[in-house]
Structure formats: structure tokens, C-alpha cells
Student: 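Structure below; questions to follow.
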2 protein chains.
Amino acid sequence: MEKPRLSESQEDYLKEIFKLREVNETVSMQDLARKLDVRPPSVTGMIKKLCAMKLVEHEPYKGVQLTETGEKIALEVLRHHRLLELYLARHLNYSWDEIHEEAERLEHVISEKFEAAIADLLDHPTHDPHGDPIPTVELEIPDSPDMKPLSAIKVYQTIIIGRVMTQDKDILSLLSRLELIPGQQIELIRNEAAGIRVRVDGSQYLVPQTIARLIWCESPDT
Amino acid sequence: MEKPRLSESQEDYLKEIFKLREVNETVSMQDLARKLDVRPPSVTGMIKKLCAMKLVEHEPYKGVQLTETGEKIALEVLRHHRLLELYLARHLNYSWDEIHEEAERLEHVISEKFEAAIADLLDHPTHDPHGDPIPTVELEIPDSPDMKPLSAIKVYQTIIIGRVMTQDKDILSLLSRLELIPGQQIELIRNEAAGIRVRVDGSQYLVPQTIARLIWCESPDT
DNA sequence: AAGATGAATTAGTTATGCCTAATTTTCGTT
DNA sequence: AACGAAAATTAGGCATAACTAATTCATCTT
């Protein structure tokens, strides 16, 4: 199958469809419009084009889905993005909340060679600094530990943060300051109406429910 | 003065005007069209826009010049490009003839932060792997040693290559294979009609005049 | 079963940045 | 001083990817 050259826009559409599909059963035009920060008619238009290119399938008024080829491209972009995030953090001293924005621009521009070079340098990592899995060179998604949202953990215990499910800069910056980042061990204290009370590194915080839903943790049992 | 956000195209125009200005007294629309690989009417159109933005000055049917602001931007792009070239070569194992192409795309996309990070890592270098000076953070052009083209050196002696004045991938690849790269010591043997005969690293080559004009050397005397 | 509502689509516009074809300007020659 | 060639410009178009406004469709409520 020929590999068509896509615009950055088109790559972003495919990437977002993929990411939304991981969460929702079906991907609506509205969801895409929100994520891509464009108006719905723009989405309809672009989806039509991607459809013509056989990168997505679209039943009007229903939803969108990636074709095999479309998914391949989405995974490539995702691999670029996540490798870059780790690279920026590890080798260029970027802080945890700064990496997303820079990777977002670089992901469309780096060559296969660049990808391979940083993958090598990073020793072919499986997860990025936010805990997101990095697709392999063969574009398989590596396994992640079993996780559930902090907001859904009932048993009070010591657990490890595995993944933070947001790209919002302000939230990331906050979580970074509180050390609520993947790899961090935290202690669940109490589930209050307003949020989850946790101990991190000796300090206690009340994590609001909205934010607790974004923090996924490895739960050793139940 | 406000820093306007420019398109990649616009940055490329400013960069090329600057580079042409270093060589020619005056920059023609044709020169630009050739370098940027577009047709002359496109150049006229874009120059008009850059003129309106006060980034260039243009007397129709005469030539183009950068304004102060335009030159600043050109130097920023050039700094990005040349830092990136050195970075790719030093840290990501790119070969000498591969760096230009990748830097060409990345230069428009990296942030100030990225620039600062690699400049730090490279210990604030003054010249890139092709011997081109890297503008400083303050956008001053660092001094280079006195040089003249290999084709213009009369006295037969041992000299050091300082700069290679081409971005042509094929020529770069050839020169790379022959080790005719900045820093290399070479011995002038004879000036023949067809070219300059030199000894490099024990091997003898005949460097055609066209190529000898691209290789600038530090000449200790005369 | 008929609206009402919200999602999706169509129609038509805009801004970039390129193109070709036609025209104008400049300048070196005679 | 006039001509011809080369360079530059204008005029008019095309593709991309956004947008707004208007319309159509699907579904939920009563």
C-alpha cells in the first residue's frame, strides 16, 4: 500500500480520531471539532477528503472510523509525539508540563531517521512521561499495567501513578508541582465529597474528583 | 517593536534574502525564485506582503533589502538552522550531508526553549559543521578566520578547510566521502586546467574548479 | 405521531501561497 | 535614440483549510 503524503492538519485529524476511539465507542464530528479546535463544518469537509483517500470510513450522521491505513498513520504520528515527549524530558531538560506543546509541533516534521535516532538514544522505550504507551516501530501498542482512575479506587492503600490522562497545560503544571506524576507512589487517605485525600512525598493534598478521574493508578488488588 | 508571527514561507524568504545579500551586492527576484524553488511572480507577491509588514524594502524593478526587523528574524532562523545542524551531527549521529535537509524543516518549528537547550548542550558554538557562522543569542554574527576559495589559492602549501559553501546534497555527499570537510588539513599539489590537485589524508584527488570554488580555506599567508 | 432539539451537512466566503499567461520596465547594443 | 532581450510585474486561477449562515437529519419528548 502506497504511503500518501499528508498535511499536518490531516495527520492531526487521524491522530485525534484514534485517541477518541480509545475512549469512546464512536467518534462524532463534534468531538473532533472540540479536540482540533475547529468548527464542525470544517470537520465534515476534512473527513470527506480523508474518506476519499481511504484513510477513514464515514457513515454520514453516524460516526467516523479509521481504516487500516489511517490507523497506521495515526500510530506513526503518535509514536513520533510520544518519543519526542520522552526525548525532550530526558535529553533537553524540558519539564513535564512543557513537553506536550513542543512535541505537538515537532511530530509532523521529523524524519524516519530522527525518529530512529531518538528511539535508539532512549533505548526503545514503551511509555512516555505521561504514562502513554509508545507504539513500537512495527506500530503495535505495548502493554501497560492494569490501571484504574484514582477516583475509582475504593480500598485505601499505597499505589503508584501510571498515567495522567490530560494534555491541559494548567492541570499538568499543577500536577507536576504536586509530584502527582507517573512513577510516583502515593497513599490514599480518604474519599471525601470534594475529592480524594492523598499523601504524596510526605505532604497531604485533596485531589478534586475532576482531576482524580484523570490520574490512573496501578492497583495491586481489587 | 512587536514580533509578528510569520509563516514558514515568509521565514524562508527572509532567510534567503539575507544569505543572498552576503554574496551579492543586490538581491533580485530571480535569485530568490531560484533559491526558493518558486516562480518569479510568487516572489513579487510575497515580497509585497513582507514589504507591507515592514520586514523588507523593495524598489520595484530594483532589488530587495531586509529592514532591521527583517534581518533580526532572518538571523533567528539562521541560528535555529545552524544550531540544529550541529546538534544533529553531534548528538543524533547524522552524517555531514544529511543535516541540512532535516534542519531545514525543524528550524521553523522549534521554540526559543529548544534553541536554548541545544545551544547549552553544544556549549554555545560559533560555527556549524559546514563552517557557517552561527548567529549568537544577541543575533550578532561571530567572526570567522580569513578564508579564500580553494580555487583562488596560488601558493602550494598545506592548508585547512574552513567552510563549504553549498547545500547541494550530492556535492556534500561527495565531499563527505573524500573528507573534504571543515577542519580537514589538505595539501595543495598543482593547479591544473581541469581543477586543483590536492592530497587529503594520504589520497590524491583532482577537485574540479566548480567545486574548488565552494571550498573555502584558511590561508596562513598571502 | 408531531414537534422540538441538537448534531451534521451543504452552500458560499476568506486568506495563503503557489501557478501560468500576458504585460511592462529596464538596460545594453547598435 | 530605438530596439530587443531579460527581468519584473500584473492579472487571473487553483488548492488547502479554515469560517459563517442556512438547511437537513435523527432522535427524544409529549
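The chains referred to below are lettered A, B, ... by the order of the sequence lines, with proteins before strands, and numbering in each begins at 1.
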Student: Can you check the A:Asp37 CG to D:dC19 C1' distance for me, whole Å?
Tutor: 13 Å
Student: What does A:Thr44 touch in the nucleic acid at a heavy-atom separation under 4.0 angstrom: a base, only the sugar-phosphate, or nothing?
Tutor: base
Student: Hey, is the side chain of B:Tyr13 poking within less than 4.0 Å of OP1 or OP2 on C:dC18, counting only N and O atoms?
Tutor: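 Yes, such a contact exists.
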Student: Within less than 4.0 Å of OP1 or OP2 of C:dC18, is there a side-chain N or O belonging to B:Arg39?
Tutor: no
Student: Just the rounded figure in Å: distance from C1' of C:dA7 to CG of A:Leu32.
Tutor: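 Taking atom C1' of C:dA7 as the reference, CG of A:Leu32 is at 13 Å.
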Student: Establish, with yes or no, whether the OP1 or OP2 oxygen of C:dG17 is under 4.0 angstrom from a side-chain nitrogen or oxygen of B:Gln10.
Tutor: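 Yes, B:Gln10 has a side-chain N/O under 4.0 Å of OP1/OP2 on C:dG17.
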Student: Of A:Pro41 and B:Glu59, whose nearest nucleotide on DNA chain D comes first from the 5' end?
Tutor: B:Glu59
Student: Between B:Glu98 and A:Lys113, does any NZ, NE, NH1 or NH2 come within less than 4.0 Å of an OD or OE carboxylate oxygen?
Tutor: yes
Student: In whole angstrom, give the distance that lies between atom CG of B:Leu36 and atom P of D:dA8.
Tutor: 14 Å
Student: Counting only side-chain N and O atoms of B:Lys49, is one of them less than 4.0 Å from OP1 or OP2 of C:dG17?
Tutor: yes
Student: Scan B:Ser42 against the nucleic acid and name what it touches under 4.0 Å (heavy atoms): base, sugar-phosphate only, or nothing.
Tutor: base
Student: Can you tell me if B:Glu101 has over 12 outside heavy atoms packed within less than 6.0 Å of its CD?
Tutor: no
Student: What integer distance in Å separates B:Met46:CE from D:dT10:P?
Tutor: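 So the two atoms are 16 Å apart, to the nearest Å.
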Student: Does the gap between the ring centers of B:His81 and B:His100 come in under 6.0 Å?
Tutor: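 Centroid distance B:His81-B:His100: below 6.0 Å, so yes.
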Student: Could you state the CD1-P distance from A:Ile47 to C:dT9, rounded to the nearest angstrom?
Tutor: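 Those two atoms, CD1 and P, are 9 Å apart.
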Student: Looking at B:Pro135, is its backbone amide N or carbonyl O close enough to the side chain of B:Arg79 to form a donor-acceptor pair, meaning the two atoms are under 3.5 Å apart?
Tutor: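 Indeed, once roles are kept as given, a pair shorter than 3.5 Å links the two residues.
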Student: Just N and O in the side chain of A:Ser9: are any of them under 4.0 Å from OP1 or OP2 of D:dT16?
Tutor: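 For A:Ser9, the contact criterion (side-chain N or O under 4.0 Å from OP1 or OP2 of D:dT16) is not met.
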Student: Please check the phosphate of D:dT9 (OP1 and OP2 only) for any side-chain N or O of B:His58 closer than 4.0 Å.
Tutor: yes
Student: Has A:Tyr87 got a side-chain atom pairing as donor or acceptor with A:Ala103's backbone, closer than 3.5 angstrom?
Tutor: no
Student: Would you say D:dA7 has OP1 or OP2 under 4.0 Å from some side-chain N or O of B:Lys62?
Tutor: no
Student: Taking the nucleotide of DNA chain D with the nearest heavy atom to each, does A:Glu8 or A:Pro60 sit closer to the 5' end?
Tutor: A:Glu8
Student: Provide, to the nearest angstrom, the distance between the CG atom belonging to B:Asp12 and the P atom belonging to C:dT16.
Tutor: 17 Å
Student: Would you kindly give the CD-to-C1' distance between B:Gln30 and D:dA5, to the nearest whole Å?
Tutor: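 Answer to the nearest Å: 12 Å.
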Student: Within this structure, what is the NE2-to-P distance between B:His108 and C:dG17, rounded to whole angstrom?
Tutor: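 For the pair B:His108 NE2 and C:dG17 P, the rounded distance is 12 Å.
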